[in-house]
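Counting starts at 1 for both ligands and their atoms, in listed order. The shown structure was predicted, so the numbers you read here are calculated from the model rather than taken from an experiment.
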Amino acid sequence: MTGPANPAPEPLISAARIAARVDELAAEIDVQYAGVDDLVLIGVLKGSFIFLADLSRRLTVPHRIEFIAVSSYGDAESTAHPGDVRLIMDIRHRVYGSHVLLVEDIVDTGHTIAYLQRLLAARGPASLRTCALVRKPERAEVEVPVDYLGFDIPDVWVVGYGLDWAERYRTLPDICVVHPEP
Ligand code: PRP
């Protein structure tokens, strides 16, 4: 994907800190779901793919993996309202009666997670919780429960560890800050 000239990413959270935090989150999740045999991790594409891969491999509790994809309406969608979210790709198998853990890379305004929590709650899971790698409290437009959180970060554009800027930098090992040209 082409775009403006590359802004230089500056490290914000090192790969080592991320790994240590993912270990802690996995340990918390293992305790929470001890004895559960129908846990489903639902990764929100695309940004969660690396976080989900690492988190799921650190869990000892048995679980299955699903993916879901959503998109925010851009400004070009003149009939859309701010915060409108649409489903691009649904999960493959039903979650009725299962314990669902949504896995998200970033909670920004909160609209995406709010939408997904409503969508999945309506399907009758045994429980529904959310795990997010990073959150920007200053950007919150809706309050959403985040049961497992990696890091709160300031209102900066972050890339790496799954997060992108114009589809770039997703595979950087650290979470970094970029300063896109206005
Ligand atoms: C990002 C992120 C979340 C959402 C959070 O997705 O992965 O899903 O935005 O924003 P919100 O809290 O304001 O709703 P993005 O649209 O960048 O897609 P991507 O994951 O495919 O990069």
Side-chain angles (χ1 to χ4, degrees), residues 1-4 6-7 9 12-13 15 18 21-22 25 40-56 65-92 95 100-123 125 128-182:
M1 194 167 184
T2 58
N6 289 3
L12 179 70
I13 306 171
I18 296 168
R21 190 69 189 115
V22 173
L25 292 173
V40 186
L41 267 53
I42 302 181
V44 184
L45 295 173
K46 301 179 210 170
S48 75
F49 76 111
I50 290 177
F51 179 41
L52 178 69
D54 283 349
L55 182 71
S56 63
I65 304 287
E66 293 279 346
F67 289 101
I68 199 163
V70 294
S71 177
S72 302
Y73 286 99
D75 293 340
E77 306 268 355
S78 57
T79 57
H81 298 91
D84 278 357
V85 177
R86 65 185 154 146
L87 189 63
I88 302 294
M89 186 195 83
D90 207 344
I91 52 176
R92 195 168 293 187
V95 292
V100 171
L101 181 60
L102 263 174
V103 179
E104 183 56 294
D105 57 341
I106 183 166
V107 177
D108 190 341
T109 63
H111 289 294
T112 299
I113 281 298
Y115 169 83
L116 288 171
Q117 288 174 345
R118 280 197 306 275
L119 181 85
L120 293 164
R123 296 179 180 184
L128 173 60
R129 294 188 177 90
T130 297
C131 177
L133 177 64
V134 294
R135 176 176 64 184
K136 294 181 181 175
E138 294 165 50
R139 294 266 303 163
E141 291 180 9
V142 288
E143 289 301 318
V144 287
V146 177
D147 303 278
Y148 306 98
L149 175 67
F151 305 93
D152 270 329
I153 60 169
D155 182 14
V156 290
W157 193 287
V158 281
V159 297
Y161 202 70
L163 293 149
D164 76 308
W165 173 74
E167 295 299 328
R168 297 178 190 183
Y169 304 127
R170 287 196 198 272
T171 53
L172 289 177
D174 303 325
I175 294 175
C176 299
V177 179
V178 288
H179 304 282
E181 296 294 322

Colleague: Is a donor on one side and an acceptor on the other found under 3.5 Å between the side chain of R21 and the backbone of G150?
Modeller: yes
Colleague: Any sub-3.5 Å donor-acceptor pair from E66's side-chain atoms to R92's backbone N or O?
Modeller: yes
Colleague: Give every pair made of an N or O atom of ligand 1 and a protein N or O atom lying under 3.5 Å apart, one pair per line with both atom names and the distance to 0.1 Å, or write 'none'.
Modeller:
{"unit_1": "ligand 1", "atom_1": "7 (O)", "unit_2": "D105", "atom_2": "OD1", "d": "2.6"}
{"unit_1": "ligand 1", "atom_1": "7 (O)", "unit_2": "D105", "atom_2": "OD2", "d": "3.2"}
{"unit_1": "ligand 1", "atom_1": "8 (O)", "unit_2": "E104", "atom_2": "OE1", "d": "3.4"}
{"unit_1": "ligand 1", "atom_1": "8 (O)", "unit_2": "E104", "atom_2": "OE2", "d": "2.7"}
{"unit_1": "ligand 1", "atom_1": "12 (O)", "unit_2": "D108", "atom_2": "N", "d": "2.8"}
{"unit_1": "ligand 1", "atom_1": "12 (O)", "unit_2": "T109", "atom_2": "N", "d": "3.0"}
{"unit_1": "ligand 1", "atom_1": "12 (O)", "unit_2": "G110", "atom_2": "N", "d": "2.8"}
{"unit_1": "ligand 1", "atom_1": "13 (O)", "unit_2": "T109", "atom_2": "N", "d": "2.8"}
{"unit_1": "ligand 1", "atom_1": "13 (O)", "unit_2": "T109", "atom_2": "OG1", "d": "2.5"}
{"unit_1": "ligand 1", "atom_1": "14 (O)", "unit_2": "T112", "atom_2": "N", "d": "2.9"}
{"unit_1": "ligand 1", "atom_1": "14 (O)", "unit_2": "T112", "atom_2": "OG1", "d": "2.5"}
{"unit_1": "ligand 1", "atom_1": "20 (O)", "unit_2": "K46", "atom_2": "N", "d": "3.2"}
{"unit_1": "ligand 1", "atom_1": "20 (O)", "unit_2": "G47", "atom_2": "N", "d": "2.9"}
{"unit_1": "ligand 1", "atom_1": "21 (O)", "unit_2": "K46", "atom_2": "N", "d": "2.9"}
{"unit_1": "ligand 1", "atom_1": "22 (O)", "unit_2": "D164", "atom_2": "OD1", "d": "3.1"}
{"unit_1": "ligand 1", "atom_1": "22 (O)", "unit_2": "R170", "atom_2": "NH1", "d": "3.2"}
{"unit_1": "ligand 1", "atom_1": "22 (O)", "unit_2": "R170", "atom_2": "NH2", "d": "3.1"}

Colleague: Counting distance only, does the side-chain N/O of D164 pair as donor-acceptor with the main-chain N or O of Y169 below 3.5 Å?
Modeller: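 No, D164 side chain to Y169 backbone: no donor-acceptor pair under 3.5 Å.
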Colleague: Test your reading of the model: is there a side-chain donor-acceptor pair from K136 to the backbone of T109, 3.5 Å cut-off?
Modeller: no
Colleague: Do the side chain of Q117 and the main chain of P145 share a donor and acceptor less than 3.5 angstrom apart?
Modeller: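 Checking the backbone N and O of P145 against the side chain of Q117, a donor-acceptor pair under 3.5 Å is found.
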Colleague: Using the test side-chain contact (heavy atoms from CB on, under 4.5 Å), find all partners of L87 that sit at least two apart in sequence or belong to another chain.
Modeller: I68, V70, D90, Y115, L119
